[in-house]
Peer 1: 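Got a structure for you, questions after.
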Amino acid sequence: MAESETPLLDELEKGEWPSFVKDMKQAAEKKPMAKDLLRQLELSYKEKIGHWKHGGIVGVKGYGGGVIGRYSDRPDLFPGVAHFHTMRVNHPTGWFYTTKALRTLCDIWDKHGSGLTNMHGSTGDIILLGTSTDHLQSCFDDLSDAGFDLGGSGSALRTPSACVGPARCEWACIDSLNICYDITMSFQDQLHRPMFPYKFKIKVSGCANDCVASIARSDFSIIGTWKGKIQIDQKEVQAYAASGLDVQAEVTDLCPTKCMTWDEKAKTLAIEDADCTRCMHCINMMPKALRQGKEKGATLLIGGKAPIVQGALLSTVIVPFMKLEPPYQELKDLILKILDWWDEHGKMRERVGELINRVGMRTFLKDIGLKPAPQMVKNPRTNPYVFFWPEEIKKEVK
Amino acid sequence: MAESETPLLDELEKGEWPSFVKDMKQAAEKKPMAKDLLRQLELSYKEKIGHWKHGGIVGVKGYGGGVIGRYSDRPDLFPGVAHFHTMRVNHPTGWFYTTKALRTLCDIWDKHGSGLTNMHGSTGDIILLGTSTDHLQSCFDDLSDAGFDLGGSGSALRTPSACVGPARCEWACIDSLNICYDITMSFQDQLHRPMFPYKFKIKVSGCANDCVASIARSDFSIIGTWKGKIQIDQKEVQAYAASGLDVQAEVTDLCPTKCMTWDEKAKTLAIEDADCTRCMHCINMMPKALRQGKEKGATLLIGGKAPIVQGALLSTVIVPFMKLEPPYQELKDLILKILDWWDEHGKMRERVGELINRVGMRTFLKDIGLKPAPQMVKNPRTNPYVFFWPEEIKKEVK
Amino acid sequence: MAKTDIGPPNYKNFMPPVIQKNYGKWQYHEILQPGLLKHVGETGEELYTVRAGSPRLMSTDHIREICEIAEKYCDGYLRFTSRHNIEFLLTDKSKIEPLIAELKSKKYPVGGTGHCVTNIVHTQGWVHCHTPATDASGPVKAVMDELHEYFSTMTMPSQVRIALACCLNMCGAVHCSDIAILGIHRTVPKPDHSRVPNVCEIPTTVASCPTGAIRPDPKTKSVTINEEKCMYCGNCYTVCPALPLADPENDGISIWVGGKVSNARSAPMFSKLAIPFLPNNPPRWPETVAAVKNILETYAKHARKHERMGEWINRISWERFFRLTGIEFTDKHIDDFTTAPETYRTTTQFKWG
Amino acid sequence: MAKTDIGPPNYKNFMPPVIQKNYGKWQYHEILQPGLLKHVGETGEELYTVRAGSPRLMSTDHIREICEIAEKYCDGYLRFTSRHNIEFLLTDKSKIEPLIAELKSKKYPVGGTGHCVTNIVHTQGWVHCHTPATDASGPVKAVMDELHEYFSTMTMPSQVRIALACCLNMCGAVHCSDIAILGIHRTVPKPDHSRVPNVCEIPTTVASCPTGAIRPDPKTKSVTINEEKCMYCGNCYTVCPALPLADPENDGISIWVGGKVSNARSAPMFSKLAIPFLPNNPPRWPETVAAVKNILETYAKHARKHERMGEWINRISWERFFRLTGIEFTDKHIDDFTTAPETYRTTTQFKWG
Ligand code: SRM
Ligand code: SRM
Ligand code: SRM
Ligand code: SRM
Ligand code: SF4
Ligand code: SF4
Ligand code: SF4
Ligand code: SF4
Ligand code: SF4
Ligand code: SF4
Ligand code: SF4
Ligand code: SF4
């Protein structure tokens, strides 16, 4: 057998976890592009440095984004990846697929690209990993014919995503999938034609467990919640207790507000609902016994993002509760208003959370027309550097 | 009876709490200066605005501080307070007095000033409230003859203060009074001849109860603590329980680390000392039953201050534990080193805590020669903006 | 010439004999009744302390009166506390009752111990400072007149420390108090262009502004202030007397809550804004008195034993605090300084109110 | 021309009939065994989900293999999770065992549910990005090879979310993970003065630096970088390709711990620095693998049930975390960014270790 061209990467074919090297080799057998990707990666492994140039701008007709341009810095050695752009394809909401649709995608990508993908990208897109400039448009055309469209990139709305929600989860307080899909469809223009100061991400989770990490990873987070009493089925609580759940230690003691009491003798659970902050823990522990309160809606939060530039931000509450029912007009109006405001005041490469920090939450709330609420803060300010609006100050006596 | 000249202030003679207006009137009867102070204050009450000019620099020979210059902006109306400077007199550590000493002070002040004082100023000084420029030196001379000296003002070390500590408190882990007195005596020059970028305050508390608010109100906080097991006298614990203390609810449940257990049946208290953070709560609750561990010392913290300019700071741990015994050389060396460092790097009006924030704790620790410890932080950094020292980076390959 | 740098009198000479003997050897203490402490030494010796309130701003006559009392009952020994109360130190048990009786007859409030409202740490105000946004002694007197019964009883859930500072310099160190009364300006400094060039150093003045609102104005050789960026902190005035910002109508008081200093149970905490503005209403500041009383009594009613104000609020949540006190939550409560992001609610965990 | 703006396919068309029927009407679920979920609808209908691991970087052949399996057992329905696992959706109970058997025979790890280490969210690395300080897929593979048994069991105290990002842009959103693996540069960008003037907008480049380390250099029409102020974040490189900062010897990996996203029990938390630097050591990054394993297993050994990494550390204290893991605490752990003051220990409450 000939000596391997990729001795370092070969090491990563070993072991129990599925190997991406195996996948790369599979593709390399059919695609010279993939083969050169493998070889260039081997060089990176040897030299401990990347071999891609700073991205260039490429795209498809009518769109300002959806493609990440990429060029090898050693096209001499790896001509197959001289251009090697990725296409971001908007995933079906909830990442549901029929095999038919998946196979179609594969066929298109075998035709136009490297045969390599990310299922999925970190924002949620189907990442078609690497093709040359001349294939971009035809690949897009084929995707479009098959019912697929590109996702977001650049200073645009990014592909929104949602937790599996009502499709397979008893805890969805909102129709996370439908909200996400509706927003995606309503904001196609914002998704495809970069027009903002920077990127804008929206994620929708059906409850406070936040299975799409919306609070950490989106500029606008929509998270289901409820009002009213947690519905307790005492029989089922008893069944959990009987089957070995230590209700005191595992449920009530871990309730962050200590608003639950478990009567060990009577085997009854009581909740002081007014003190509950709807953290989900008790419900997570006993899904069969506890159901959320009956009035459902969402908490809306703003500003989540990674650290660049001013430090990472988690999203912060701006609407404690909004009912969300189709066509979600109030929600979409609010998002549009925020996008407009950000567009008007944001500097280049300033995420909406950073803009709010720069101009002050009070300015944001006033401009958007939201009423300040204590739920927006962990605690009121500790510094005395309070601004008053001019209209609050009595006309000055000279 | 003639109509009162001070109808507004007269209102503040009413009521149960001791009235400063009464004191002012007492002084006013003897001192025209005090009388004009009263009259000017009445004007302020009427006009809702102060009537003092921005302070000027006045002082006594050989000293750069200890006097706060003050001039009325209406000397036409209130000639008695045309000058009205306060003298800050260093209080006896712990604010202990013999009546003899107090009477001497009163006599001196009746001779030279308004007859009004603050017992004490917020930093701890005896504040002699208001005299004219020509009396400053003679007043100082008399004070000095009586064994008193001025305190700090301006960009200097300020009068250090200490909790009552070993003089009357069973919890003093360090000799707060002696440390404070020793520091005061050792640093007379720094106290009297402003030489720093800004003010520097030192406060000493014998334990974590921090009865002189050192953590909030001093640049350098010395707070007593201990190592080793909390000594439990189970009989006395039982006595507290018998006398109505709910040990579970009032003691163990409120222990922040939950490291205590109270066995209601056996009436015994157990402490997992390794988890104790020496917050003092349990000891506060049962002084007769619990005594601190046997190895005593102090935690040293730096940087506490009010909000101007960059926001208020609480002091932060820089030495988790230092034994403190006379002559406190290690402590004083450390303070001097810090003062030197601050003096060298601080900008004008930059408190030491602000300087540390500007240049980074790592620089402070390195320059001072302190070893980083997890006890210095609530949590390690969350942002990835980590600096490495040049010597940690491998020589660059060109 | 008088000697300099002699330092304060040695405290050791001012301590009563019982303290000299038991110095560092106290074993335990009890609060026998409000204002009366008993400390017991390892040898069994007892020290009694009677604590009395003080206006802090005291005449020499008043001090002499205190001396007289201390001579009568305490062999001439006394001290002041870190919160400006007076402490009479004695060993003779039989003198306690007469001492307290005399103090009461002379209108000294006796108390300030344990779960009480002790003396209000405060500052100069219109009596002696150049930057106050309110008076100090006046509001303190008015508030304590209303709260005095909480000084001489121990009916609070825990210690309550109230402080007052008359401007943002916070000499009263109100930044860590259960309840803080803080004088605030609300108008932008008005540069006196004729004086600025003479009395102020322009670069220092520009650098003094925490929000960067001040620009040098080469034309006038003075400065201009960006009104939108100014939050009236007065720091520029401290370094430049030609930038006054006091204003009778717009100066006033803000109320802060939930700070603490001790490390007992919870770590020290900053005070947080409760009420952004109340008018200056001398001589008795009724709005301020009512606000403090409302917060205090709401706390007293709802908090658990040993729960400091801030601990109580942290348990019940700020939304509940605002509901229970009936205080309005406004955009001013939301931080917009550099520390703002840390204060945002970055979780869906909250109560409805 | 192809249609634009058609949006993604409607998810409704891709959901199996049992979901269509029970949409929004699920009543409860059980985790029957690692990798096997049962969801029961209000009508009693049951949906089974078998979850399998994926390398995320997948060939079309691999995807087709998955399709084949889904066709054989699931009527052609499947989904991916928000952490890139594959979920096979079926109703026919009898097919569960064969499906799992086939998956295992084809080397698919089955698991990723409940108290496990699920798939590592990660990024491009040397495979497709221009700024990486390390590879992504490689370290992930190496770490998961070591941890795979924790994927297919549920023996952890609670969920463990590991994430990797190959540079400070943090596309893997490692800022809120139980354990985060983060590629870091450690050398100052070296401006290519011949290219800067042509390819970079100077004001944007200057503004991009979080620490203000970049100054325009009018002479060269390029920029200069203050080495002391630069912390190698690479943000300037993002906006200016002529400022490369990758370096084979000094790039590497840092490890972060204790972040979380869910609001369950505790509020979401950022990850905190555990290990400032580990060398890039391809192909198997042994130092990184060992570090992650050590932290994970220390946590597994000491944490209480349902305690996430960050909750555990908050209970035991950071000093204890460093002692138990044997990780050295350095000056680099102490924040020196604008957020620094918030992270200081401003209390005397701490443990000895
Ligand atoms: C006399 C004084 C020290 C001094 O050198 O002057 C003092 C004396 C005592 N303090 Fe204090 N504290 C004194 C100011 C403070 C301060 C500082 C302040 O208020 O500005 C604090 C921090 C306050 C804060 O957290 O905001 C303080 C927090 C404590 C605590 C902790 C309270 C808590 O649970 O948070 C205790 C423990 C206790 O009371 O159980 C304590 C306990 C004590 C004890 C019981 C100590 C002892 O064994 O003798 C003393 C009598 C307490 C009492 O009055 O009930 N002392 N104590 C100060 C009296 C002030 C006054 O006149 O009211
Ligand atoms: C007299 C006193 C208030 C009182 O009524 O007790 C006082 C009075 C003044 N303080 Fe203060 N400070 C006094 C304790 C404090 C404290 C409390 C403490 O020391 O525990 C603080 C907060 C703690 C701190 O240092 O951070 C304090 C923080 C300030 C500040 C803000 C400093 C900062 O870095 O934030 C200023 C402004 C300045 O220094 O320019 C200030 C400035 C002033 C000036 C000198 C006014 C000025 O801007 O020049 C005041 C003079 C008033 C006068 O006319 O007599 N004073 N000052 C206190 C000193 C008496 C004494 O020596 O015992
Ligand atoms: C399938 C998925 C949603 C999706 O749309 O894809 C999902 C599905 C479920 N999650 Fe989740 N979660 C999913 C990502 C997440 C994430 C996001 C992430 O990890 O990036 C989180 C936040 C993680 C964090 O806090 O850092 C998340 C936090 C939870 C929690 C809260 C855990 C906690 O105590 O902190 C629960 C409750 C529980 O497990 O008891 C939960 C519970 C559930 C339940 C039980 C909901 C249900 O009733 O069906 C689902 C099965 C859980 C299981 O795997 O044990 N899910 N879940 C995601 C599977 C990811 C994977 O392949 O591993
Ligand atoms: C492909 C993907 C990583 C992956 O392997 O999955 C990715 C890849 C890149 N990201 Fe990202 N980001 C990806 C999700 C994220 C996420 C996670 C998320 O969306 O949940 C984040 C953190 C969340 C956030 O947005 O804050 C993220 C934060 C960044 C940042 C920092 C932004 C910030 O404000 O802090 C940059 C830098 C920039 O925008 O200039 C960045 C920039 C980039 C660029 C475009 C590099 C650049 O500087 O131009 C990368 C292109 C790689 C390539 O060659 O393909 N990427 N990026 C993810 C998008 C796939 C998809 O569409 O599904
Ligand atoms: S976020 Fe809530 S509703 Fe959505 S999948 Fe997770 S647990 Fe279910
Ligand atoms: S949801 Fe959370 S806060 Fe509410 S009762 Fe359950 S555990 Fe407690
Ligand atoms: S700080 Fe501690 S030692 Fe000092 S008086 Fe207060 S309780 Fe006693
Ligand atoms: S001192 Fe505090 S932490 Fe230690 S055992 Fe007592 S209550 Fe607990
Ligand atoms: S708080 Fe302000 S106004 Fe009051 S004494 Fe201090 S500096 Fe003067
Ligand atoms: S008052 Fe404060 S904010 Fe306003 S200009 Fe002066 S320093 Fe700046
Ligand atoms: S984390 Fe950095 S290196 Fe990795 S994909 Fe994102 S931008 Fe590229
Ligand atoms: S790498 Fe970051 S810190 Fe260094 S110069 Fe560039 S932007 Fe500034």
Side-chain angles (χ1 to χ4, degrees), chain B residues 8 11-12 15-18 20 23 26-27 44-45 48-50 52 54 62 90 92-99 102-103 106 109-110 115 117-119 122 141 144 147 149 166-168 170 177 184-185 188 208-210 212-213 215-217 254 256 279-281 287-288 306 308-309 312 314, chain C residues 2-9 11 14-15 19 23-24 26-29 39 55-64 67 70-71 76 78-80 82 126 130 132 137-138 141 144-145 148 169-173 175-176 210 235 241 246 248 261-265 268 280 282-284 306 339:
Chain B
L8 290 170
E11 289 299 312
L12 288 172
E16 292 289 327
W17 193 250
F20 70 101
D23 282 67
Q26 268 175 351
S44 286
Y45 269 58
K48 302 199 278 187
I49 198 156
W52 298 107
H54 203 286
N90 199 136
T93 311
W95 300 287
F96 279 96
Y97 291 94
T98 56
T99 52
L102 268 183
R103 286 183 189 277
C106 290
W109 195 232
D110 277 345
T117 73
N118 287 147
M119 294 300 280
S122 196
D141 293 345
S144 175
D149 199 349
R168 201 200 48 203
E170 66 271 33
L177 298 175
T184 308
M185 296 309 283
Q188 283 290 305
N209 284 329
D210 199 1
V212 281
I215 207 165
R217 290 162 66 173
L254 297 182
C279 83
M280 287 295 298
H281 176 70
K288 219 169 162 176
I308 301 293
V309 181
L314 289 162
Chain C
K3 278 199 273 182
T4 59
D5 299 296
I6 60 171
Y11 63 100
F14 288 179
M15 296 188 312
I19 289 189
Y23 193 89
W26 298 104
Q27 199 165 13
Y28 70 93
H29 76 277
H39 283 81
R56 194 183 80 126
L57 201 178
M58 286 167 116
S59 66
T60 46
D61 286 355
H62 189 164
I63 299 174
R64 286 194 187 93
C67 288
E71 281 151 7
L78 76 160
R79 75 179 286 269
F80 291 83
S82 64
W126 293 330
H130 56 205
S137 307
K141 162 76 174 142
M144 283 310 285
D145 276 345
H148 70 95
N169 283 338
M170 289 199 187
C171 300
H175 59 305
C176 295
N235 197 42
V261 165
S262 83
N263 293 276
R265 297 171 309 283
N280 264 336
R284 296 206 70 102
H306 306 296
T339 42

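Order of the sequence lines fixes the chain letters, A, B, ..., with proteins taken first and strands second; residue numbering starts at 1 for each chain. These values consider heavy atoms only, across backbone and side chains, with no hydrogens, waters or symmetry-generated copies.
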Peer 1: Report the distance from atom CE of C/M15 to atom OH of C/Y23, rounding to the nearest 0.5 Å.
Peer 2: 5.5 Å
Peer 1: Which one wins on heavy-atom pair count under 4.5 Å against chain B: C/M170, C/E71, C/K3?
Peer 2: C/E71
Peer 1: Tell me, side chain or backbone of B/T184 under 4.5 Å from chain C's heavy atoms, or both, or neither?
Peer 2: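 Just its side chain gets close to chain C.
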Peer 1: Are C/T60 and B/D110 close enough that a side-chain donor and a side-chain acceptor fall under 3.5 Å?
Peer 2: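 A donor-acceptor contact under 3.5 Å links the two side chains.
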Peer 1: Just give me the residue among C/L78, C/T339, C/D5 that pairs up with chain B most often, heavy atom to heavy atom, under 4.5 Å.
Peer 2: C/D5
Peer 1: Examine the side chains of B/S122 and B/R217 and answer whether a donor and an acceptor come within less than 3.5 Å of each other.
Peer 2: yes
Peer 1: Only pairs of heavy atoms separated by less than 4.5 Å count here; which of B/C106, B/A216, B/G15 has the most with chain C?
Peer 2: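 Top count of heavy-atom pairs under 4.5 Å with chain C: B/C106.
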Peer 1: What part of C/H29 is in contact with chain B, defined as an atom under 4.5 angstrom from a non-hydrogen atom: side chain, backbone, both or neither?
Peer 2: both
Peer 1: Ring centroid separation for B/Y97 and C/F80, is it under 6.0 angstrom?
Peer 2: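 That pair passes the under 6.0 Å test.
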Peer 1: Taking B/G94, B/A167, B/G62 one by one, which has the highest count of heavy-atom pairs under 4.5 Å against chain C?
Peer 2: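 Heavy-atom pair counts peak at B/A167.
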Peer 1: Taking side chain as everything from C-beta outward and backbone as N, CA, C, O, which of these in C/S137 sits under 4.5 Å from a heavy atom of chain B? Side chain, backbone, both or neither.
Peer 2: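 Looking at C/S137, backbone and side chain both touch chain B.
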Peer 1: Check each atom of B/M280 against the heavy atoms of chain C and say whether the ones under 4.5 Å are side chain, backbone, both or neither.
Peer 2: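 For B/M280, neither part sits under 4.5 Å from chain C.
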Peer 1: Shorter than 4.5 Å, heavy atoms on both sides: which option in B/S144, B/A213, B/P92 has the most such pairs with chain C?
Peer 2: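 Max contact count across the listed options: B/S144.
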Peer 1: With sequence neighbours left out, what residues match B/D141 under salt bridge (Lys or Arg N to Asp or Glu O under 4.0 Å)?
Peer 2: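 So B/D141 forms no salt bridge (Lys or Arg N to Asp or Glu O under 4.0 Å) with any residue.
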Peer 1: So what's closer than 4.5 Å to chain B heavy atoms on C/H175: side chain, backbone, both or neither?
Peer 2: side chain
Peer 1: Which heavy atom in C/K141 sits nearest to a heavy atom in B/E16, and how many Å separate them?
Peer 2: NZ-N, 4.3 Å
Peer 1: How long is the gap from OG1 on B/T93 to OH on C/Y11, to the nearest 0.5 Å?
Peer 2: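 The distance works out to 7.0 Å.
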Peer 1: Looking only at heavy atoms and a cut-off of under 4.5 Å, which of C/N280, C/N235, C/N169 has the most pairs with chain B?
Peer 2: C/N235
